[in-house]
Amino acid sequence: GEDLIAWVKNISLSEVKLIDLVYYHPIIMRTSKFRELQVENLSRWVSSKKSIILQIIDIKVDYKNSLEEVEKVCTDAFNEMIEGFAADSVERKYFPEDVFTKVEIDSFWDMAVVYRFSYHISSPFYVIKARRILNSYLQKHQKLNNLSFATPKLIDVKWMK
């Protein structure tokens, strides 16, 4: 089934209260049902003082394009997104002061090269919204650079373990 990305708000003997981070609605489930789920804790190694979560997007691109071209699209899109947030806005605070992005080749497929685009975010509550905003900038910068990703589901984000 589809993965549930949620914030666990409260666990009691009879129920677990969660907040769905995709649609921002509350979920209440029985603890017996919650125990059956496979849970990955996305906030591991994140302290309250320095909350930094590494986000990874796998992007498939035609062999005719170079690493430099893909890197330009990704970094330009990310930088424009960050610059679009006012310095004192809540959204800007969801990204660390030291902006980090990295693009590297992950693997080679028959019809495409898989690039791994990484960046940091500092709030699990903003992970999904940040993906959506970044996707729109990636779309824009693909067109500006005459490059097209062969990734139908661009919101393919993994968390570094």
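Sequence positions, counted from 1, serve as the residue numbers for this chain.
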### All side chain to side chain contact (heavy atoms under 4.5 Å, CB included) counterparts of T31, not counting sequence neighbours
V16, R35

### Donor-acceptor pair, side chain of R92 and main chain of F95, under 3.5 angstrom
yes

### Query
How would you list, by chain and number, every residue that makes a side chain to side chain contact (heavy atoms under 4.5 Å, CB included) with A6, sequence neighbours excluded?
L4, L18

### Query
Have H141 and E80 got a donor and an acceptor in their side chains that come within less than 3.5 Å?
yes

### Query
Do C74 and I59 have side chains that get closer than 4.5 Å, going by heavy atoms?
yes

#### Entry: Spacing of R30 atom CZ and K33 atom NZ [to the nearest 0.5 Å]
11.5 Å

### Message
Return the CG to CZ distance between N135 and F149, rounded to the nearest 0.5 Å.
### Response
9.5 Å

### Query
Taking Q55 for the side chain and S118 for the main chain, is one N or O donor matched with an acceptor at less than 3.5 Å?
no

### Message
Working to the nearest 0.5 angstrom, can you tell me the gap between N10 CG and K17 NZ?
### Response
5.5 Å

### Message
What I'd like to find out is whether the side chain of H120 reaches to under 4.5 Å of the side chain of T101, using heavy atoms alone.
### Response
no

### Query
Is the closest side-chain heavy-atom distance between V90 and Y126 below 4.5 Å?
no

## Note on the structure
Rounding to 0.5 Å, atoms CZ (R116) and CD1 (I56) come to a distance of 5.0 Å

### Message
Do L67 and Y63 sit in one hydrophobic cluster, given that two such residues count as connected whenever their side-chain heavy atoms are within less than 4.5 Å of each other, even indirectly?
### Response
yes

### Query
If we only count heavy atoms from C-beta on, is the V8 to I11 side-chain gap below 4.5 Å?
yes

### Query
Taking C-beta and beyond as the side chain, do K102 and E71 meet within less than 4.5 Å on heavy atoms?
no

### Task
Give the other cluster members for V114, using side-chain heavy-atom distances under 4.5 Å between Ile, Leu, Val, Met, Phe, Trp and Tyr residues; answer none if it is isolated.
W109

### Task
Mind checking the OG-NZ spacing from S66 to K72? Nearest 0.5 Å is all I need.
11.5 Å

### Task
List the atom of I128, the atom of R131, and the distance in Å for their closest heavy-atom pair.
CD1-NH2, 2.9 Å

#### Entry: Pairwise side-chain contact, E91 with I133, heavy-atom cut-off 4.5 Å (strictly under)
yes

### Query
Would L144 end up clustered with Y137 when hydrophobic side chains under 4.5 Å apart are linked, directly or stepwise?
no

### Task
Flag yes if I57 and F108 sit in one hydrophobic cluster, no otherwise; membership is Ile, Leu, Val, Met, Phe, Trp, Tyr, and two members link when side-chain heavy atoms are under 4.5 Å apart.
yes

### Query
Does one side chain, of Y115 or E104, offer a donor that lies under 3.5 Å from an acceptor on the other?
no

### Query
Distance-only, no hydrogens or angles: does the S122 side chain make a donor-acceptor pair with backbone N or O of Y94 under 3.5 Å?
yes

### Message
Check whether N145 reaches the backbone of L147 with its side chain - one donor and one acceptor, N or O, closer than 3.5 Å.
### Response
no

### Task
To the nearest 0.5 Å, tell me how far T75 OG1 sits from I82 CD1.
12.5 Å

### Query
Is a side-chain N or O of K93 found less than 3.5 angstrom from the main chain of D88, in a donor-acceptor match?
yes

#### Entry: Residues Y119, V99; criterion side chain to side chain contact (heavy atoms under 4.5 Å, CB included); working and verdict
CA-CA 8 Å; Y119 64 94; V99 172; over 6 Å; no

